[in-house]
2 protein chains.
Amino acid sequence: MRKPRADAQKNREKLIDAAREVLGGGGPEASLEAVARRAGVGIGTLYRHFPNREVLFHAVFRQDLEGLVEQAEALEPGEAPLEAVRGWLHANVALVETKRGMLGALSVVMSEESKQTYAELTGRVVRALNRLLAAGVARGQIREGIAAEDLLQTMYAFCYAREPGPEWRAHVLRLLDIFIDGLRRA
Amino acid sequence: MRKPRADAQKNREKLIDAAREVLGGGGPEASLEAVARRAGVGIGTLYRHFPNREVLFHAVFRQDLEGLVEQAEALEPGEAPLEAVRGWLHANVALVETKRGMLGALSVVMSEESKQTYAELTGRVVRALNRLLAAGVARGQIREGIAAEDLLQTMYAFCYAREPGPEWRAHVLRLLDIFIDGLRRA
DNA sequence: TTGAAAACGGAGGGTGCCTCCGTATTATTA
DNA sequence: TAATAATACGGAGGCACCCTCCGTTTTCAA
């Protein structure tokens, strides 16, 4: 088993980046040939790396999710742990905004492998958020009895309660901020 | 302004029926050429009647909705008004089941005309349901303070709370039946 | 340096979208 | 009823996209 070729890896990256731009901007229906063009790569190369649209979606989404997870793990409670939480939730809302279309197009059935990957990633997020929450509680800044899952669930509920539109993000963030303010120790 | 041609009207009907079958069964992405074939009509005829996919969706949906409205208006309170309500709600769930994909594909922006049409149809449904509810209350069979809008909202909430799947309909109907049982005068 | 493994690109066959226009059908007029 | 004008029909054709296949090019390792 020889070392993977460098050009293959580079093209893979280029394709994922191109897909993020093209499929994010033009909606999940955008042409895969446009993605290949944007990546400066032949259509055959795209299909070799990603045998269908969905696999490509997953690759983009997984990479973005990983970024978000790392961001969460890098957060330091510092002076204002609640503000750290707020910032991270805002970033997550932004991700939902760009990925909504793609996520809707993902089949409900995932491979065992993807399921495991996602479970692991959300596990890491939950641990990171819980660490921040615990720090806030220890400092007497955040009320007790709140779990990371509560935050995530609330955030997704706000995201999906309203249909996409020009005001969507502002609306979601406003509700979210009210909720976050409610987390402060009275 | 002469009388509309009979063949045109007939083809329009055939196309709507074909669209209901093809787009209902094969999902909203199914080919419009398949719809035309199924209707036994040229593709040009389809496009003359329905300049794009969405207009065709609306036509199918509007017709189904009209059927449901007429069904509601035909209901007689009779001995068991609550059972009449239950039957109608079940029919509505069935409609949601077949139309879910299509509805999702409908653009959020509708013409003023469609909006008015739908508003009028739901108005008629509300009146019909309220009539049944009032009859039930008068007979002492249904608790007071329930409005048609409550029923519709509850039904849609159950429909959209769960993702589509093999158990979807049974699950929705079960929750709905529990709710309806709760409407009985204690 | 060299050759096999790995990856590349894009032509090609299939399908769908939508338009356009010559042909056929229908309603009206005489 | 026959002629005519309005209306509708069908499907060929042009374009884009999907995906596969394979001759060519690049890379890695011996």
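Note that the coordinates shown come from a computational prediction; the quantities given were computed from them, not determined experimentally. Each chain gets a letter, A, B and so on, in the order its sequence line appears, and its residues count up from 1.
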Any base atoms under 4.0 Å from [X], or only sugar-phosphate, or nothing? Heavy atoms, all strands.
X      : result
A36(B) : nothing
R53(B) : sugar-phosphate
A6(B)  : sugar-phosphate
N52(B) : nothing

Taking only side-chain nitrogens and oxygens of [X], does any of them come within less than 4.0 Å of OP1 or OP2 of [N]?
X      : N       : answer
H49(B) : dA8(D)  : no
R2(A)  : dA6(C)  : no
R5(B)  : dT25(C) : no
N11(B) : dC9(D)  : yes
S31(B) : dC17(C) : yes
T45(A) : dG9(C)  : yes

Legend entry - Polar pair under 3.5 Å, donor/acceptor by atom type, side chain E29(A), base dC17(D):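 Between dC17(D) and E29(A), which were checked side chain against base, a qualifying N/O pair under 3.5 Å is absent.
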Legend entry - Residue-level proximity of residues 13-24 of chain A to DNA chain C when a heavy atom falls under 4.0 Å: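 Heavy-atom cutoff 4.0 Å gives no residues at all.
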Inset, instruction - Grab the OH-C1' distance between Y47(A) and dA11(C) for me, whole Å please. - result: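 Rounded to the whole Å, the gap is 15 Å.
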Inset, instruction - Indicate whether any N or O donor in one side chain lies under 3.5 Å from an N or O acceptor in the other, for E13(B) and Q9(B). - result: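 Yes - a donor-acceptor pair under 3.5 Å links their side chains.
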Inset, instruction - May I ask you to decide if L32(A)'s main-chain N or O and R37(A)'s side chain share a donor-acceptor pair within less than 3.5 Å? - result: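 Absent.
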Inset, instruction - Drop me the distance from L133(A)'s CG to L82(A)'s CG, to the nearest 0.5 angstrom. - result: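 The CG atom of L82(A) is 8.0 Å from CG of L133(A), to the nearest 0.5 Å.
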